[in-house]
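Notes follow once the structure below has been shown.
Each chain gets a letter, A, B and so on, in the order its sequence line appears, and its residues count up from 1.
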Number of protein chains: 2
Amino acid sequence: MRPWRDWAREPGRYDRGDPDGGDVSDSAQANGARRRPGGAATIYDVAELAGVNPSTVSRALGKPGRVSAATEARVRAAAEQLHFRMNPMARALPTGRTNTLALVVADITNPVIFGIVRGAEQAASAAGCTLVVAESQESGEAEGTVVDRLMPGVDGIVLATTRLASERITDIAGRTPVVLINRAVDGVPSVLPDVATGVRELVGHLAGLGHTSLAYLSGPTTSWVSERRWEALLDEAERLELGLVEIGPNPPTIEGGVAAYRRALASRATAVLAFNDLMAIGFMQEAARNGVVVPDALSVAGFDDIFGSELISPALTTVRAPLVLAGQLSVQRLLRRIEGDETDAAGEQLLGTELVVRGSTAPPPS
Amino acid sequence: MRPWRDWAREPGRYDRGDPDGGDVSDSAQANGARRRPGGAATIYDVAELAGVNPSTVSRALGKPGRVSAATEARVRAAAEQLHFRMNPMARALPTGRTNTLALVVADITNPVIFGIVRGAEQAASAAGCTLVVAESQESGEAEGTVVDRLMPGVDGIVLATTRLASERITDIAGRTPVVLINRAVDGVPSVLPDVATGVRELVGHLAGLGHTSLAYLSGPTTSWVSERRWEALLDEAERLELGLVEIGPNPPTIEGGVAAYRRALASRATAVLAFNDLMAIGFMQEAARNGVVVPDALSVAGFDDIFGSELISPALTTVRAPLVLAGQLSVQRLLRRIEGDETDAAGEQLLGTELVVRGSTAPPPS
DNA sequence: TTGTAAGCGTTATCAC
DNA sequence: GTGATAACGCTTACAA
């Protein structure tokens, strides 16, 4: 019996109990993995089995070269035999590192998110981190609450398409590492689509087809990207001397696209650009219901190239954004920040976009 | 300076029978300079400010009526003032409860998952729990690893469309609370679509249109639901005296549907039922590329009613499953299990499905 | 290289 | 009702 083992086993007042005072071998023997009631094996169990001190187990399993090869082998074997898994909570306490990252999104059901989630999950698990996903349901209020709740339990946060005010974001970024997706805030690292280029390509495509008056279905006022797309559109429209109207704000959903239909039609624009594909799809569905043929009577385009954009008929012309990549990069940058690497401190990382021309755009009716 | 604060700093705990009398205050001081990484307050800080013992803070913030109203108010005010957030890791250690649930899915990018994730996230956050999402990428191997890694850090696990072997699932369920979605295993609670009814409705619909030979595009052999659908199809085909062939196994993806195209066509079946909508969509896309008109030349149907099924042209006839509900219910059942409620111990919970007839099914060519 | 023991922030048990 | 303190499982100086 090891002295430290005795201490740990001694029934204190707050001992979860083991009525038979010390010998747990009966049930332990049978199961092999369940030494303590309700719990898994600990480094103490492993240490006992391997005949070493718990701290040695910690070292053997943690750092590679800190113990002798022979000891490490013994410890590994014992850990294996007991199905030992390190308790991340217990580890988090002394180290302050939880190896957990949070991804906060506005709306989980928006397909734009899927790519981001997948990329983030991949990058996180590749780094041995756990990813918690939370949804703010398009509400800045709810998002703040979510972030507050998550903060103490994670090493850092990726805010994707956040609806938070800039000051709030700065504040949060001051307390914990943060990376933004689809939003730029001074002093906070972010991963963004290259809005200007994407808009330029799309408007160029439309102008090339002969369109001279455009309508933009904007997203929520809280959407930074929607605002930026609008600004870029204004620049391009001015440069190419095209007519342009903004219709919105709208919810960034299918319903938002449906709701904007009449106003867009009333604008007499010959091409409608939606803030995102979801809105473009809703708009096209409503057009179809009203007997307006896309693209013959009206061209429609979106942004993001979500799942479904090539399914709808006609397939949607859109500006593809590398969503999976955005998820991956944001997590990688977050991890770098957590490691204390401040080299890319507050930069905006622009992701190239790609114009995908499909069936929903054509020359305007003559 | 509060006495308890001093005592907390004094050598205690493991320091049995060997009081070195030396003070640890130097290192304590050094640490005290920068409190917690991130500067967050602890219950000690709150207690100091409120002029009470840390344990009182714990009680005041934890259980409602365990302290006097006056004390509770003082504690709450102090906590507020310090922006105190309870450290979930520290709390998890003595309680064994992490208030974290895991959702493990085969493929995050499969739209079937979206509804499940959303429902699970809603139910979890409604219960004050954090949801970690992990992906097994359709590999049972990877799924086992993921589960092992997650287990010590969560209170329970929802396995959605798991690719694990039954014994492995039973084993996991023996170590931690588990609820299954789209999979039944003896002794483990599960949430399932009512396969038999859904299949009966769909086959009835097809038979009513005049189809007499059906082809089933099966999913992976590891997919429990795919197997069940096949069995139910066999029953129905037999009962209605219809021809039926199985084509597969296939990956449960768009590519899987594309790949199965030629074999399905060769079967001369007039109606093709895919294991899921994704495969049905892939199949329809390939049919379109080959000039085969759906539903005139061939009827196609799927299962799940994912986002995109009503977008594709013709819109897909499918058996809708209440995915969001499945996510919610599974988390609710998991929580009940975690609370120790064994009443619904190992039941299969069947969710009603709904036949959604759209444009992809029609009478067979005469 | 390995053992010793303090400490992470919280809860639970006991004593007053 | 509140204070005191061991314990949760792990890491990490410091000692040996």
Side-chain angles (χ1 to χ4, degrees), chain A residues 2-4 7-17 36 38-47 50-63 65-72 75 84-97 152, chain B residues 2-4 7-20 22-28 30-32 35-37 40-47 50-63 65-72 75 84-98 152:
Chain A
R2 307 288 178 287
W4 49 262
W7 303 345
R9 280 269 181 242
E10 236 168 326
R13 296 185 284 195
Y14 176 27
D15 195 313
R16 291 217 229 135
R36 289 164 307 100
T42 72
I43 52 168
Y44 282 78
D45 301 314
V46 175
V52 298
N53 190 278
S55 62
T56 302
V57 174
S58 173
R59 283 188 282 250
L61 266 27
K63 331 277 170 107
R66 273 315 272 163
V67 301
S68 75
T71 306
E72 181 172 338
V75 170
F84 171 76
R85 303 286 151 192
M86 192 88 77
N87 181 330
M89 309 296 166
R91 161 178 280 208
L93 222 34
T95 61
R97 288 272 319 244
Chain B
R2 297 296 176 284
W4 52 259
W7 302 343
R9 292 246 186 261
E10 252 170 314
R13 302 203 238 253
Y14 302 120
D15 193 13
R16 299 214 172 179
D18 185 25
D20 63 2
D23 65 7
V24 280
S25 57
D26 42 3
S27 73
N31 272 345
R35 292 200 307 222
R36 267 203 326 207
T42 72
I43 53 169
Y44 283 78
D45 302 314
V46 176
V52 297
N53 189 281
S55 61
T56 301
V57 175
S58 174
R59 283 188 283 251
L61 267 25
K63 327 279 167 103
R66 277 308 277 157
V67 300
S68 75
T71 306
E72 180 171 340
V75 170
F84 171 77
R85 302 281 151 194
M86 191 89 78
N87 181 329
M89 308 297 167
R91 161 176 279 204
L93 221 34
T95 60
R97 289 271 320 243
T98 62

Please state whether the phosphate of [N], meaning OP1 or OP2, lies under 4.0 angstrom from any side-chain nitrogen or oxygen of [X].
X: B:Thr71; N: D:dT2; value: yes
X: B:Lys63; N: C:dA12; value: yes
X: A:Ser58; N: D:dT11; value: yes
X: B:Asn87; N: C:dC8; value: no
X: A:Thr56; N: C:dG3; value: yes
X: A:Arg91; N: D:dT11; value: yes
X: B:Ser68; N: D:dT2; value: yes

Straight-line distance of B:Lys63 NZ to B:Ser58 OG, nearest 0.5 Å
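Here the rounded value is 8.0 Å.
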Just how far is it from atom CZ of A:Arg66 to atom CD of A:Glu72, taken to the nearest 0.5 Å?
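Atom-to-atom, A:Arg66:CZ and A:Glu72:CD are 12.5 Å apart.
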Which listed nucleotide ([options]) is nearest to the side chain of [X]?
X: A:Pro94; options: D:dC10, C:dG9, C:dT2; value: D:dC10
X: A:Leu93; options: C:dG9, D:dC10, C:dT4; value: C:dG9
X: A:Ser55; options: D:dT5, C:dT4, D:dC10; value: C:dT4
X: B:Thr42; options: C:dT11, C:dT10, D:dC10; value: C:dT10

Please tell me if the side chains of A:Val57 and A:Tyr44 come closer than 4.5 Å, counting only heavy atoms from C-beta onward.
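Contact flag for A:Val57/A:Tyr44 side chains = no.
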Between B:Val75 and B:Leu61, is the side-chain contact (heavy atoms from CB on, under 4.5 Å) condition met? List the steps.
CA-CA 8 Å; B:Val75 170; B:Leu61 267 25; 3.7 Å; yes
Take the protein atom [atom1] of [X] and the nucleotide atom [atom2] of [N], then report the distance between them rounded to whole Å.
X: B:Asp45; N: C:dG9; atom1: CG; atom2: C1'; answer: 10 Å
X: A:Asn53; N: C:dA5; atom1: CG; atom2: P; answer: 10 Å
X: B:Arg97; N: D:dG9; atom1: CZ; atom2: C1'; answer: 19 Å
X: A:Tyr44; N: D:dC10; atom1: OH; atom2: P; answer: 9 Å
X: A:Ile43; N: C:dA5; atom1: CD1; atom2: P; answer: 16 Å
X: A:Arg85; N: D:dC10; atom1: CZ; atom2: C1'; answer: 17 Å

For B:Val67 and for B:Ala90, find the nucleotide of DNA chain D with the closest heavy atom, then tell me which residue's nucleotide is more 5'.
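With B:Val67 and B:Ala90 compared, the 5'-side residue is B:Val67.
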Given the structure, check if the side chain of A:Arg59 and the base of C:dG3 hold any donor-acceptor pair shorter than 3.5 Å.
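Answer yes: a donor N or O sits under 3.5 Å from an acceptor.
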Identify the heavy atoms of A:Asn53 and A:Ala47 that sit nearest to each other, and give their distance.
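Closest heavy-atom pair between A:Asn53 and A:Ala47: C-CB, 3.8 Å.
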Scan A:Met89 against the nucleic acid and name what it touches under 4.0 Å (heavy atoms): base, sugar-phosphate only, or nothing.
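No contact.
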